[in-house]
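What follows is a single structure, written as structure tokens, with notes after it.
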Amino acid sequence: MDNLSDQEIIDQVLSGDDEAYGHLVKRYQRAVYSVARRYLRSHLAADDVAQEAFIRAFFSLKSYDSRFRFYTWLVRITINLCHDAVKREGRYLPLAAENEAADNSADPLEAAVQSDACQRIRREIDELPLDQREVILLRADRELSYQEIGRVLGIPAGTVMSRLFRGRQTLARRLKGII
Amino acid sequence: MNDCRKIRPEDIQAYVDRELMAPDRSVIEEHIKSCPGCRALAEELSRVERAVAEAECQEAPEGYFENFGSRVTAKIASQGKAPAGRSLWNLLGWPTVPLAAAAALALAITASRLMMTGPTPHGMTVGDEYVSRESAKRQSAETELDRKEAPARGKKSGSSTSRAALDIPPLVPSETASQPPSVAERSTDEIKDTTPSQAAAKAEREASCRDDRSAYMEELAEKPGPAPATLPGEGLLESPPRLLRTTRAILICLPSDRPDASPPEIGTVLEISLPGGG
């Protein structure tokens, strides 16, 4: 099953093999969780959204347009759910809600410094205008092209490029000395 | 190429992000080699891109993904639905067509029993015999009416337009047959809204039906064979059922299992006319 393409698995699901959907979930669970986690800044909220994204995708599988990557479609569903979650909360979830593990570095001091730097970067990202923040976050894992980010957000690739550039310029200015 | 005015900063960013294809990529590459300002911009954008990627790489708690898939599939199963384009029955692995056929048959039989309650000594059901007697009675009355009105109608459209000559089954009692719209086309409220003379005629017809029915039931009681129970609505209606309107039943079939079929999510709704409904 691991050798099958997304479309082949989707065809199996649509023809009645529900177990095949589990393979799609396994394939994209980390990526979808990461998108939600970045957007919502909370593990619990990201967990809810990631699960719901896969559930919605399952029930809407017939409407998936196979001309585009399945992952792009999945991220679009995830981002829409993130928007809903933010609307419900009335704000982005605060970074303080995260209990950051200082990763598994052998040097606690280095880990703490690195963690502080990461938190500072994330805080600056969260201070960006929403349109710039979204493209910065969607590009963060380098999984989506400009074109695909545009498809997720419903904007042209050129707009993605200009928003990304403005956001990065702002971050470079604000994070001078850190990066 | 050293002319920075011909190169947008966004293009340098696209180069850093590996979004450019040849020959644009080689054009920017060549320019950056020879332009310190654009090279510095490329390096800065690259640093920001790496820093964001690193800062945003947040791991889930250990073991989180081990049962993620099973939680998702459990929630899907608990919702008891199928992906759009597939039926629930397909999801459950139940055969769709036999189930739909069985449900349709069961509903049709139930609907028929609302009209017909049991066999008579003549081999017909009570409902059949009652319908047959009523129809014959009305047809006789209408033929009589046609015979009387034939000269008048013949002047306008010829005798071939007679309902009896065309063997068109009458929809309404003869008294109202010539008054458009027919009873079958009128609403219940309109039927109630009649003149005193029409009301009197209606009462007379109903009384006649009651008498006929009583006599008929007595006749049946005297004959051997399984006793028919009652006509539908016995004891509930003031007057026996009359075939003034088409009787309809709604048949809800199970959803199709054709993968290309568009939803209905609930099912396909068909309407059927019961026998004798006109």
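What you see is a predicted model, and the numbers here were worked out from it, not measured in a lab. Order of the sequence lines sets the chain letters (A, B, ...), proteins ahead of strands, with each chain counted from 1. Hydrogens, waters and symmetry mates play no part in the numbers below; they use all other heavy atoms, side chains included.
Contacts with chain A (heavy atom to heavy atom, under 4.5 Å) involve these residues of residues 36-44 of chain B, listed by number: B:Leu41, B:Glu44.
Chosen from A:Ile121, A:Val25, A:Ile55, the residue pairing most often with chain B at heavy-atom distances under 4.5 Å is A:Ile55. Among A:Gly158, A:Gly167, A:Ala157, A:Ala50, the residue with the largest count of heavy-atom pairs under 4.5 Å with chain B is A:Ala50. With chain B as partner, the option from A:Gly22, A:Ala57, A:Ala140 having the largest number of non-hydrogen pairs under 4.5 angstrom is A:Ala140. The greatest number of non-hydrogen atom pairs below 4.5 Å with chain B, out of A:Gln169, A:Lys26, A:Glu52, is found for A:Gln169. For the set B:Leu45, B:Val72, B:Asp17, the entry with the most heavy-atom pairs within less than 4.5 Å of chain A is B:Asp17. Comparing A:Glu19, A:Arg120, A:Arg38 by heavy-atom pairs within less than 4.5 Å of chain B, the highest count is held by A:Arg38. Considering only heavy-atom pairs separated by less than 4.5 Å from chain A, the leading option among B:Pro9, B:Ala51, B:Cys57 is B:Pro9. Chain A forms more heavy-atom pairs under 4.5 Å with one residue of B:Glu59, B:Arg47, B:Arg18, B:Lys75 than with any other, namely B:Lys75. Heavy-atom pairs under 4.5 Å with chain A peak, among B:Ala55, B:Ser70, B:Pro61, at B:Ala55.
Heavy-atom minimum distance, A:Gln29 versus B:Gly69: OE1-N, 4.0 Å. Across every non-hydrogen atom of B:Glu56 and A:Ile125, the tightest pair is OE2-CD1, 3.3 Å. The nearest pair of heavy atoms linking A:Tyr146 to B:Ala14 is OH-CA, 3.6 Å. Here the closest heavy-atom approach between residue B:Val48 and residue A:Ala172 is recorded as CG2-CB, 3.6 Å. B:Val52 and A:Ile136 get closest at one heavy-atom pair: CG1-CG2, 3.8 Å. Here the closest non-hydrogen pair linking B:Phe68 and A:Asp47 is CE1-OD1, 4.2 Å.
Ring geometry, A:Tyr33 versus B:Tyr64: the interplanar angle falls from 30° to 60°, so the pair is classed tilted.
Of the atoms belonging to A:Leu164, heavy atoms from both backbone and side chain fall under 4.5 Å from chain B. Within the 4.5 angstrom heavy-atom criterion, only side-chain atoms of B:Arg8, from C-beta onward, approach chain A.
Atom CD in B:Glu49 sits 11.0 Å away from atom CD1 in A:Ile179 (nearest 0.5 Å). Note: B:Thr73 OG1 to A:Gln51 CD = 10.0 Å, rounded to the nearest 0.5 Å.
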Passes side-chain contact (heavy atoms from CB on, under 4.5 Å), A:Arg122 versus B:Gln58? Steps please.
-> CA-CA 11 Å; A:Arg122 286 200 288 272; B:Gln58 300 164 81; 3.8 Å; yes

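With hydrogens and angles disregarded, a donor-acceptor distance shorter than 3.5 Å links the side chain of B:Gln13 to the backbone of A:Met161.
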